[in-house]
Undergrad: 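I have a structure here, written as structure tokens, and I will follow up with some questions on it.
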Amino acid sequence: MEKIIKLSLSCLMAGASALFPSVVCAADGVTVNHLGVNNTLVRVDSGKRFLLMPVQESNDDATVNVVVDGKLEKTVYVRLAKSKVDYYVPLSLEDYSGHDVVLNVVTSQSRSTVREAKEDACWSRFVVSDTFDTSNREKYRPAFHHTPLYGWMNDPNGMVYKDGVWHLYYQYNPYGSKWQNMTWGHSSSTDLINWTHHPLAIEANGLGAVFSGSSVLDPDNTAGFGNDAIVSLYTSAAASQIQSLAHSKDNGATFEIYPGNPVITLESEARDPNMFWNAATGEWNLLLAHALDHEMLIFRSPDLKNWTLSSAFGKGLGAQDGVWECPDLFELSVDGTEEKKWMLICNINPGGPFGGSATQYFIGDFDGNTFTPDKDDEGNVPTKWMDFGKDHYATVSWSDAPDNRRTVIGWMSNWQYAAEVPTMQFRSANTLPREMGLFKATDGQIYVSTVPSPEVDMLRDRLVSRHSKLSAGKNPRKISLPADNDGICEILLDIDSRKGAPVSVMLSNDEGDYVDMVYNPSESTFTFDRRKSGVTDFSQDFPAVTVAPTFSDEDSTLKLRIFVDRSSIEVFEADGKFAMTNLVFPTAPYNRISFSADGGKADIRNLRIFSIKDIND
Ligand code: FRU
């Protein structure tokens, strides 16, 4: 990015520095005035669209107070560069054109003299510009997963479908690629695959940063914002966490904040409100994560503004080792039956089955006030997981999806190392969009099924390999992955282990990196070993083996769909009986897939490999 920025160091205020030694010229249109060891004013005097702020990832946040015509406009936290510039983040000046703009910057490094402070790299590297280059050529930038153009993303939230458009809002830091400055970023799509990036939807205000929440359509105008309004409820997070309402009258582009906020307050930490229309009771319901109490609070309301607490679900149930966050609750049909059940999603961090973040769920009944979970034969409420990888979190569904669909998307990372993964100008992507269903397994329990949304099929580019049957034994059978697009592909295959011996499906490259996936029919498990997958040393929590139950009999064939992007692999059992999402950072793209069955013989049937286009390019 630096390459595209042409710095002119001539300074219009050249004379000023002699009179006032603390005033220093930076770029054209930027003047820097050092006031003390930790306080500097950056004056922007330019008609350009952006002030580009220089960031050094390893530095601490500076507090940047944006002062316009003497009034505090907003405060953002930016890792302003000390010794080197890793990348730039843009501060939009568009709303301030013709006004006096000063950044009152408070840094946090300890130093003894102003002279030391003046040496920070950032002061001479602020730039005003009409453009901000978002083309990102980073090696691990996903080719076909939604990801922000720059900056940090965590939870998908507030997703709603309206008039043929899937709106995806997400927890977003536009001023750096680590968690901070939470706003709702916004992308939209008509096909869940090709995403258009929009300006920020909701920014922090006096009540706090904008944490996760949900959105609904309100066709009967119960809230009084109009019957075509999108109504959103999110957590305002500052010293406390309270729930704030906003609505959009322009199809989700901009939001008006409700002047009566907050609409829900509690004396303890509660966040991520997820609301939905309950047709059976003719009222709105809302789940709120009572994070530290490890329970979900259930509310109801006639008008989205006045909420009554009905009950609390979950104390002592399921996984309890971390905070409970990002709930969801909806009804689904059990595959092949007339039965309907409610599924309650509870994201938990830490406490996932492989460490850190994960998504658990409960199956049960819901009467508008109380969720009653199903029990197993021993009378216990079983702990169930929606995905058996390490990188599937904050998964919630779209409101008002068409055709009775229950479409979800997750954050493809884990709080254990999300801020350390080897990307720079952006961090994190979403999972593929997925469809939820329910199936009854042989243990009599009802589980969620997860399949890629049907739109995902359109990612297929060329069929690069097709084998109706390959026999695999001790010696691996090797097939090349598409070479022309960094090996980005979808792999479909059926594994018939014949004698019940474990079968290995391995992705590898010439650098010695590999991912070993093993179907073990006698244990009904599928494991994913990424300990040698490439770059793994950025966190001790990253190298891992994850395991999924296959719900299969010893002699059954396992049908799989595997999606390989530049830094992730998602595995789905073809009917959705398990899903597994894991990040990988190969030092070079995997260029080969091999099959082996040590200790037996196996057949790989119906192998098809499709290359996938880079749609983020
Ligand atoms: C989950 C979470 C939410 C919160 C958001 C803040 O990842 O911790 O509970 O609203 O992230 O960004």
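First listed ligand is number 1; within each ligand, the first listed atom is number 1.
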Undergrad: For His392 and Thr431, test the side chains for any donor-to-acceptor distance below 3.5 angstrom and give the result as yes or no.
TA: no
Undergrad: Who's the nearest protein heavy-atom neighbour of atom 4 (C) of ligand 1, and how far?
TA: Asp272 OD1, 3.5 Å
Undergrad: Determine yes or no for a side-chain-to-main-chain donor-acceptor pair under 3.5 angstrom, with Lys384 supplying the side chain and Tyr447 the backbone.
TA: no
Undergrad: State the atoms of ligand 1, each with its element, that fall below the 4.0 Å cut-off from a heavy-atom position in Ser212.
TA: 10 (O)
Undergrad: What protein heavy atom is closest to atom 7 (O) of ligand 1, reported as residue, atom name and distance in Å?
TA: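 Minimum-distance protein heavy atom for atom 7 (O) of ligand 1 reads Asp155 OD1, 2.7 Å.
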Undergrad: Under 3.5 Å between some N or O of ligand 1 and some N or O of Glu325?
TA: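 Right, the criterion is met.
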Undergrad: With the threshold set at 4.0 Å, does a side-chain nitrogen-carboxylate oxygen contact exist between Asp303 and Lys305?
TA: no
Undergrad: For a quick test of reading the model, state the closest non-hydrogen atom pair linking Ser92 to Phe50 and the distance between them.
TA: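 In this case the closest contact between Ser92 and Phe50 is CA-CD2, 4.0 Å.
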Undergrad: Can you check whether Phe132 and Tyr150 have ring centres sitting under 6.0 Å from each other?
TA: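 Ring centroids of Phe132 and Tyr150 are less than 6.0 Å from each other.
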Undergrad: For Ala394, which part has a heavy atom under 4.0 Å from ligand 1: side chain, backbone, both, or neither?
TA: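 Neither; no heavy atom under 4.0 Å.
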Undergrad: Considering only the protein, which heavy-atom contact is closest to atom 12 (O) of ligand 1, and what is its distance?
TA: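 Checked against all protein heavy atoms, atom 12 (O) of ligand 1 sits closest to Gln171 OE1, 2.7 Å.
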Undergrad: What atoms of ligand 1 come within less than 4.0 Å of a heavy atom belonging to Met182?
TA: 12 (O)
Undergrad: I'd like to know whether ligand 1 has Trp411 as a neighbour, heavy-atom separation below 4.0 Å.
TA: no
Undergrad: Side chain, backbone, both or neither: which part of Asn154 has a heavy atom under 4.0 Å from ligand 1?
TA: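 Side chain only; the backbone of Asn154 stays clear of ligand 1.
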Undergrad: Pull out every atom of ligand 1 sitting under 4.0 Å from any heavy atom of Arg271, numbered as shown with elements.
TA: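 Numbered from 1, ligand 1 contributes 3 (C), 4 (C), 9 (O), 10 (O).
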Undergrad: Aromatic contact between Phe362 and Phe371, with the criterion being ring centroids under 6.0 Å apart: yes or no?
TA: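 Judged by ring-centre distance (under 6.0 Å), Phe362 and Phe371 do not meet the cut-off.
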Undergrad: Is the closest basic N to carboxylate O distance between Asp60 and Arg79 below 4.0 Å?
TA: no
